Protein chains: 2
Amino acid sequence: MSISADTLRGHTDTIILAQLMRGDNYGYEINKNIQQLTQGEYGLKEATLYTAFKRLEQGGLIASYWGDDGPGARRRYYAITDEGRKRWAESRQEWENTRALLDALINVEEV
Amino acid sequence: MSISADTLRGHTDTIILAQLMRGDNYGYEINKNIQQLTQGEYGLKEATLYTAFKRLEQGGLIASYWGDDGPGARRRYYAITDEGRKRWAESRQEWENTRALLDALINVEEV
DNA sequence: ACGAGATACCTCGCCTGTCAAGGTATTTTA
DNA sequence: TAAAATACCTTGACAGGCGAGGTATCTCGT
């Protein structure tokens, strides 16, 4: 986890939505996927993760149900809603914009 | 100001340092430069701006002095320190990394 | 001469997202 | 059968952003 979380603040929800775009999944696994995708450089803290799930569900962007199939402890699965899909698309677009802005703001043209 | 500030949270200090890399400047002007660079899409709120200056100065990344030359009210100028330059270079590098991570996390490979 | 508006700085208190710490329950494995 | 892994959840503290409000100076039109 070499990335300071504060620079990713505000993107947590989008990251989770993106994972759920690939299909229903449960918290632990989602977080493992995130860690894999970033070669272990980034992962959500559990408190952050579950806070985000709660927030997203209350906002109607995801829905949850209990699944008890697999090994290990019981799992709460999450599914992205239509509204969630819409939000993801928007956030993705916004990210493109933010990225361009920060590129312009953080770099200094050579003197 | 169409960009939600939370997606830029954590980058405020770096943005300010980048502006000061171009030379000494004062708060109001720095913020105007930022707005210009982003075609008015982004600007720091004053409270955010001055909070950041305080934080940066206390951290030894910038230094300030009063200048009374120009028109309008008195101005407090800021100069980036050696430590500030170092920090900017680090943050810039970290941004490259963060950008790559978010690209990987927010986009979903097609099914 | 003077009031409006621009310039410029600053503080207080609220809100929100992150996370360390602590807790519960189940299953696998040595 | 105890340890470790899996999996979920809550509480309280903390930090950064910012709305709202405030101060002081200068310019410009009338």
Side-chain angles (χ1 to χ4, degrees), chain A residues 1-17 19 24-36 42-59 61-62 64-78 91 98 101-102 105, chain B residues 1-17 19 24-36 42-59 61-62 64-78 91 98 102:
Chain A
M1 318 285 178
S2 55
I3 286 292
S4 125
D6 233 36
T7 61
L8 285 153
R9 191 194 175 103
H11 297 285
T12 304
D13 291 6
T14 309
I15 290 170
I16 291 173
L17 290 178
Q19 290 312 304
D24 293 11
N25 211 343
Y26 61 99
Y28 224 68
E29 179 83 2
I30 289 171
N31 205 18
K32 276 198 293 181
N33 286 347
I34 290 171
Q35 287 170 43
Q36 267 181 23
Y42 182 64
L44 295 164
K45 303 300 177 304
E46 287 197 12
T48 306
L49 186 69
Y50 292 110
T51 303
F53 282 140
K54 207 175 197 176
R55 184 171 54 239
L56 286 167
E57 188 157 28
Q58 275 170 357
L61 304 179
I62 63 176
S64 74
Y65 56 93
W66 284 104
D68 46 12
D69 39 315
R74 91 233 131 115
R75 302 166 173 172
R76 185 195 284 276
Y77 281 82
Y78 293 96
S91 301
T98 301
L101 288 193
L102 273 173
L105 289 174
Chain B
M1 318 290 178
S2 55
I3 285 291
S4 121
D6 232 36
T7 60
L8 285 155
R9 189 194 176 105
H11 297 285
T12 305
D13 291 6
T14 309
I15 290 170
I16 291 173
L17 289 177
Q19 290 312 304
D24 294 12
N25 211 342
Y26 61 99
Y28 224 68
E29 178 84 3
I30 290 171
N31 204 20
K32 275 198 292 181
N33 286 346
I34 290 170
Q35 288 170 42
Q36 268 183 21
Y42 181 63
L44 295 164
K45 302 303 177 304
E46 287 198 14
T48 306
L49 186 68
Y50 292 109
T51 304
F53 283 140
K54 207 176 198 175
R55 183 170 56 237
L56 287 167
E57 187 158 28
Q58 276 170 357
L61 304 180
I62 63 176
S64 73
Y65 56 92
W66 284 104
D68 44 13
D69 40 316
R74 90 231 132 115
R75 302 166 173 172
R76 186 195 284 276
Y77 281 83
Y78 293 96
S91 302
T98 302
L102 273 174

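Residue numbers begin at 1 in each chain, while the letters A, B, ... track the order of the sequences. Note that the structure is predicted; figures quoted are calculated from it, not measured.
Fit an axis to the five pairs at each end of the helix from C/dA1-D/dT30 to C/dA30-D/dT1 and the two axes sit 10° apart, to the nearest 10 degrees.
Residues meeting the side chain to side chain donor-acceptor pair (under 3.5 Å) test with A/Y65, sequence neighbours left out: A/D24. Taking the side chain to side chain donor-acceptor pair (under 3.5 Å) definition, one finds that A/E57 meets it with A/S64, sequence neighbours left out. Remark: A/Y26 pairs with A/Y77 by the ring pair (Phe, Tyr, Trp, His ring centres under 6.0 Å) rule, at least two apart or across chains. Applying the salt bridge (Lys or Arg N to Asp or Glu O under 4.0 Å) criterion to B/R76, with sequence neighbours excluded, gives no partner residue. B/T51 pairs by the side chain to side chain contact (heavy atoms under 4.5 Å, CB included) definition with B/R55, not counting sequence neighbours. Every residue two or more places apart in sequence or in another chain that forms a side chain to side chain contact (heavy atoms under 4.5 Å, CB included) with B/N25 is listed here: B/L20, B/E29, B/I30, B/N33.
Rounded to whole angstrom, the span from the CZ atom of A/F53 across to the C1' atom of C/dG17 amounts to 16 Å. Spacing between atom NZ of B/K32 and atom P of C/dC9 amounts to 10 Å, rounded to whole angstrom units. Rounded to whole Å, the distance from CD on B/Q58 to P on D/dA15 is 12 Å. The nearest whole Å value for the distance from the CD atom in A/E29 to the C1' atom in D/dA5 is 14 Å. We find that OH of B/Y28 is positioned 9 Å from P of C/dA6, with the value rounded to whole Å. Between the CD1 atom of A/I30 and the P atom of D/dC9 there is a distance of 12 Å, rounded to whole Å. Nucleotide D/dC9 holds its C1' atom 8 Å from the NZ atom of A/K54, rounded to whole Å. A/W66 places its CH2 atom 6 Å from the C1' atom of D/dC8, with the value rounded to the nearest Å.
Across A/S91 and A/T14, no two heavy atoms sit closer than the pair CB-OG1, 3.4 Å. Between B/A52 and B/D13, the closest heavy-atom pair is CB-OD1, 3.9 Å.
An OP1 or OP2 oxygen of C/dT27 is reached within less than 4.0 angstrom by no side-chain nitrogen or oxygen of A/R74. In this model, the phosphate group of D/dA7 is approached by a side-chain N or O of A/Y26 to a distance below 4.0 Å at OP1 or OP2. The phosphate of D/dC8 has neither OP1 nor OP2 within less than 4.0 Å of any side-chain N or O from A/R76. An OP1 or OP2 oxygen of D/dC8 is reached within less than 4.0 angstrom by a side-chain nitrogen or oxygen of A/Y50.
A/R74 places a side-chain heavy atom less than 4.5 Å from the side chain of A/W66.
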Legend entry - Base-contact (B) and sugar-phosphate-only (S) positions in nucleotides 18-23 of chain C, heavy-atom cut-off under 4.0 Å, - elsewhere: BBB---
